[in-house]
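Here's the structure, in C-alpha cells; my notes come after.
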Amino acid sequence: MMKMEGGVFTFGAGGYGQLGHNSTSHEINPRKVFELMGSIVTQVACGRQHTSAFVPSSGRIYSFGLGGNGQLGTGSTSNRKSPFTVKGNWFSYNGQCPQDIDSEDCFCVKRIFSGGDQSFSHYSNPQSCGPADDFRCPDPSKQIWTVNEALIQKWLSYPSGRFPVEIANEIDGTFSSSGCLNGSFLATSNDDHYRTGTKFSGVDMNAARLLFHKLIQPDHPQISQQVAASLEKNLIPKLTSSLPDVEALRFYLTLPECPLMSDSNNFTTIAIPFGTALVNLEKAPLKVLENWWSVLEPPLFLKIVELFKEVVVHLLKLYKIGIPPSERRIFNSFLHTALKVLEILHRVNEKTGQLIQYDKFYIHEVQDLIDIRNDYINWVQQQAYGVLADIPVTICTYPFVFDAQAKTTLLQTDAVLQMQMAIDQAHRQNVSSLFLPVIESVNPCLILVVRRENIVGDAMEVLRKTKSIDYKKPLKVIFVGEDAVDAGGVRKEFFLLIMRELLDPKYGMFQYYEDSRLIWFSDKTFEDSDLFHLIGVICGLAIYNFTIVDLHFPLALYKKLLKRKPSLDDLKELMPDVGRSMQQLLDYPEDDIEETFCLNFTITVENFGATEVKELVVNGADTAVNKQNRQEFVDAYVDYIFNKSVASLFDAFHAGFHKVCGGKVLLLFQPNELQAMVIGNTNYDWKELEKNTEYKGDYWAEHPTIKIFWEVFHELPLEKKKQFLLFLTGSDRIPILGMKSLKLVIQSTGGGENYLPVSHTCFNLLDLPKYTEKETLRCKLIQAIDHNEGFSLI
C-alpha cells in the first residue's frame, strides 16, 4: 500500500475487499481508493485482511476489508469493499469537536493500529491532545538503523584510536538489534524485499558481503571489536527459537558473511552460539531458512559450509592438544552444535540435488585429528547403550564429513571387529568341544583349498557349503601342491585368477563392449545364478579382506549396490555411441522429433545372430517418441539396459556381495568411492612410491644398486610399471588410500648378478641381488615381472 497526501493507493490481493476498490479483485499495479482521494491521509494501518486510514481534517477513521469479527468498527460484522467511517466521536485535526457533538463525548486520535482480527485507536482527552502522529514525517529518533554505505563511511571516517563515544554507541545499537540487521541489505531489484516469504528472503547477499567486508578492516580494529562485543553480549544471546515473522530470519542468512564469524578467535563466542540458535529454531522457521539456503548461489552456500567445517577442525585441534576434564562437557556441546549445523546444510544440499558437490562437506583433517577406529567403537557403543556422558561426540554420527580414506578406515575397522567376533565364537566352540564331544571343532579362519586348473569349481564347492557366519572369518587360501603360506599374497593371487576365469568369454556371463572396454551382465548366458552369486561373494570377500580385484564394470554396478539408480551418464560410459545418440535426442530443438528420429518405445537386441525387438513399456511398439515423451523414452532405455534385462542375474550378484560385505558402513560410500575400494585406482605417484620404500640388509636409499634400480624403474613405460606392481603386490592398481599406503620393502640377497629379483607379495617385499650394471638390472627386472605367476617357498 502507498500513502499520499491526496489519498491512498492500494495493490495486491483483494479477495476480502481490503484494497478498498469496491471489489474483491486482485491488483498488480497501484490503484486509487477513490473515497479517500482528495483527503489528506496521515496514517494507514494494515491488518490481516482489513485496512484502516486516518483523515486528520475530519478527525475520522475509515476502514475497509474483512469485518466478520467487528474489526472494521462500523457497528456490524459485514465486510466492506470500500472505505466506511468507523463509528465514534472524534476531534478534528485542529482539536475542535464537530458542532453537532458534545465536546465531552469527543476523542482526540493519536494513532491507529490494525491487528489480525482487531483494530485499535490510541486517543487522548481534548485538553492534552496534540496533533495526531503523521506517518508522512518520520522521526529519525524512532527509526530502525540499517547497515548501509553512508553509515559505514561515517564510521570509517574516524581514525583508529580516536573513536567518539556516540559512534561506538551507534555501532553497538545497530549490531545489538536483530531488527537492524534484518532491515539491512534488502534487495532493490524487481525481485525486491516486498516479496519476502517462505521461498524468497528479500536479501541482497552480495550487498551484505561487500558492506560487511568494508566495515570489518584491520585498519579499524575498534570497529571490529565493538561489532564483535555487540554480537556476543547483546544480539546472539537474545535470539529465540520462535520468531514473529519470516523477515526475522534474514539475520541467519546474512551474518555468516561477516568476516568476524570466520575468525577462529570468535568461534566459541560468536560462531558457535550463532549455530546453537540456528539449531534450536523451531521446525517452521528452520524450514523457511532451509528454503532460502536451497536457492543461494553455490559459492554463498559453500561459505556457510566452510565456516562450520573450520569450527569443527578448530575444536578437534583443541581436543587433540588436551581439554581439561571440567571443560569436556561444554566442548562436546560445541562440537555437537557445529556438526549439527553441517548436518542441516547437508540435508539441504541433498534435497536440492547437490547445490555443491558432496565432497565439499568432507573434512580431510579428521583422519589426523581423531582416532577413527576408536570413534567407530564409541559410536557402536552409543548405538547399543545410548549416549554416555563420558563418551565424546562421535564423528561417525555425522558420516557425511568423512572422505574416502576415512570411510575405508571405518570399513576396515568394522571388518576387523566382525572377524574378531567370528574368531572368538570359533574359539568358544572349540573350547566347548573339549568337554562336549558332540560339539564339532571349527577353524577360526575361512579356508579355501583350490586347484589352479579348477579354481572356479573348487571355490564354488567350498563356498556353497559355507555358513553365513563363516564369511566373516579371515580368509586363507591354499593352492593344492604349493607350499606358500598365505600371509596375504596367495589370497591376492587367488582373487586375480578366479576373477580372470569367471570373466572369461567362454562362460558367456558378461558382455564386453569394445568402445568402452567395459563389461556388463549378459542376459543371454546359459549359466545359472549360482555363478553370479559366487562373483558377488568374491567381490565382497575382496573388500572384507582388504584386497583389490580387477573388475571392468561401469560405475552403474556400484550405484546399484548402493541402491542408487543408473542414469544416462552411465549409459554413455558403457555404450558411448548409444549414450551420445540419446543425448542428441534430448537436445534436439525442433518439434519434428517423430519424423527425424523415427523411434518408438522399443529396443532391438541381438540374440545369437538374430535380432529381437523388445518393448520398453506396454504397447511400446505403438508408442512413438515425441518431444513430450522423449525423456520418458531415455529413462526407459536406461532402465532396460541396467535393470530389467539383467534383474535376476544382478539380484544373485547383489545377494552374494551383501552376504559378505553389507551393513551401514558400506552405505556411507559414494559409488565412485566403492568402485575404488573394489578395484583400486590409477592415481599413480611413482615418486611417492620411491619415497615410502623401506630397505633392509645391506641396502639404504643411496646404495649404488638402489640408485640404479630407481633409475631403471622410472624409465620403464607405464605398462611395465603396472606389471611391476602386479609382480610385487598382486595387483597393478593402488589402494584407495593412495600410494602413501603402499609400503614397499627392498632387501639385499646373497645371490649373484645371474639371479632374478624375487617378490614376496604377502609382504610387498622384493629380494634384489646386488647388480652393478644398469642394463643387467633392467633385463633381470623385466624378465622377472614378465613371469610372475605362482608361489613357492624362497
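Heads up: numbering here begins at 1 and tracks the sequence. FYI, side chains are in, hydrogens and waters are out, and symmetry mates aren't considered; it's all heavy atoms of this structure.
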(message) Between Glu775 and Ile708, is the side-chain contact (heavy atoms from CB on, under 4.5 Å) condition met? List the steps.
(response) CA-CA 9 Å; Glu775 285 308 311; Ile708 63 172; over 6 Å; no
(request) Evaluate the side-chain contact (heavy atoms from CB on, under 4.5 Å) criterion for residues Thr693 and Phe709: first the C-alpha distance (whole Å), next the side-chain angles of each, then the deciding distance (0.1 Å), finally the verdict. (result) CA-CA 12 Å; Thr693 299; Phe709 168 81; over 6 Å; no
(message) Please determine whether side-chain contact (heavy atoms from CB on, under 4.5 Å) holds for the pair Leu716 and Ile782, giving the CA-CA distance in whole Å, both sets of side-chain angles, and the decisive distance to 0.1 Å.
(response) CA-CA 9 Å; Leu716 292 175; Ile782 292 174; 4.2 Å; yes
(request) Apply salt bridge (charged side-chain N to carboxylate O under 4.0 Å, His left out) to the pair Lys465 and Glu461, showing each step before the final yes or no. (result) CA-CA 7 Å; Lys465 299 176 181 177; Glu461 186 66 23; 3.2 Å; yes
(request) For side-chain contact (heavy atoms from CB on, under 4.5 Å), just list the numbers for Leu342 and Phe400, CA-CA rounded to whole Å, side-chain angles, deciding distance to a tenth of an Å, and then say yes or no. (result) CA-CA 9 Å; Leu342 285 174; Phe400 53 84; 3.8 Å; yes
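Formation of a donor-acceptor pair under 3.5 Å by the Asn672 side chain with backbone atoms of Leu555 is not found in this model. Asp403 places no side-chain N or O within 3.5 Å of a backbone atom of Tyr362 that could act as its donor or acceptor partner. For Ser516 (side chain) and Leu574 (main-chain N/O), a donor-acceptor pair under 3.5 Å exists by modelled atom type. Side-chain atoms of Thr749 never come within 3.5 Å of backbone atoms of Asp767 as a donor-acceptor pair (strictly under, hydrogens ignored). In this structure, Thr705 contributes its side chain and Tyr771 its backbone to a donor-acceptor pair below 3.5 Å. Checking side-chain atoms of Gln675 against main-chain N and O of Tyr558 turns up no donor-acceptor pair under 3.5 Å. Without hydrogens or angle criteria, Asp515 side chain to Pro576 main chain gives no donor-acceptor distance under 3.5 Å. Judged by distance alone, with hydrogens and angles left aside, the side-chain atoms of Lys472 form a donor-acceptor pair with the main-chain N or O of Val660 at under 3.5 Å. Here the side chain of Lys320 pairs a donor or acceptor atom with the backbone of Asp368 at under 3.5 angstrom. Side chain of Lys309 to backbone of Phe361: no donor-acceptor contact under 3.5 angstrom is found.
No salt bridge links Glu306 with Lys303; every basic N to acidic carboxylate O contact stays at or beyond 4.0 Å. A salt bridge does not link Lys691 with Asp685: none of the charged nitrogens is closer than 4.0 Å to a carboxylate oxygen. Under the 4.0 Å criterion applied to side-chain N and carboxylate O atoms, Asp470 and Lys467 are not assigned as salt-bridge partners.
With ring centers used as reference points, Trp686 lies under 6.0 Å from Phe713. A distance of 6.0 Å or more separates the ring centres of Phe267 and Phe334. A distance below 6.0 Å separates the ring centres of Phe510 and Phe521.
Each of Phe653, Phe657, Tyr471 was evaluated against Val537; a single residue qualifies, Tyr471, per the side-chain contact (heavy atoms from CB on, under 4.5 Å) test. Screening Val311, Thr394, Val393 for a side-chain contact (heavy atoms from CB on, under 4.5 Å) with Leu335, the sole residue that qualifies is Val393.
Counting all heavy atoms, side chain and backbone alike, Tyr699 lies closest to Leu768 at OH-O, 2.7 Å. Of all non-hydrogen atoms in Asp530 and Met460, the two that sit nearest each other are CB-CE, 3.9 Å. Of all the heavy atoms in Phe495 and Thr547, the pair that sits closest is CD1-CG2, 3.6 Å.
With a 6.0 Å radius and a threshold of 12 heavy atoms from other residues, nucleotides or ligands, Lys774 has its NZ atom above the threshold. Heavy-atom contacts from other residues, nucleotides or ligands closer than 6.0 Å to CD of Glu773 number 12 or fewer. Other residues, nucleotides and ligands contribute at most 12 non-hydrogen atoms within 6.0 Å of the OH atom of Tyr755.
His336 and Tyr398 share a donor-acceptor pair across their side chains, judged by distance under 3.5 Å alone. Using modelled atom types, one finds no donor on one side chain facing an acceptor on the other under 3.5 Å when comparing Glu310 with Ser262. Residues Gln357 and Lys360 have side chains that never bring a donor and an acceptor to within less than 3.5 angstrom of each other.
Taking the ring axis of Phe650 as reference, the NZ or CZ atom of Lys560 stays within 45° of it and closer than 6.0 Å to the ring centre.
Considering only heavy atoms from C-beta on, Leu726 comes within 4.5 Å of Leu496 through its side chain. Here the side chains of Tyr376 and Arg373 are not in contact, with every heavy-atom distance at 4.5 Å or above. Counting only heavy atoms from C-beta outward, the side chains of Pro671 and Leu562 approach each other to under 4.5 Å.
Partners of Glu501 under the side chain to side chain contact (heavy atoms under 4.5 Å, CB included) rule, at least two apart in sequence or in another chain, are Ile455, Val456, Lys506, Tyr507. Listed by chain and residue number, Leu448, Thr466 satisfy the side chain to side chain contact (heavy atoms under 4.5 Å, CB included) test with Val462 (two or more places apart in sequence, or in another chain).
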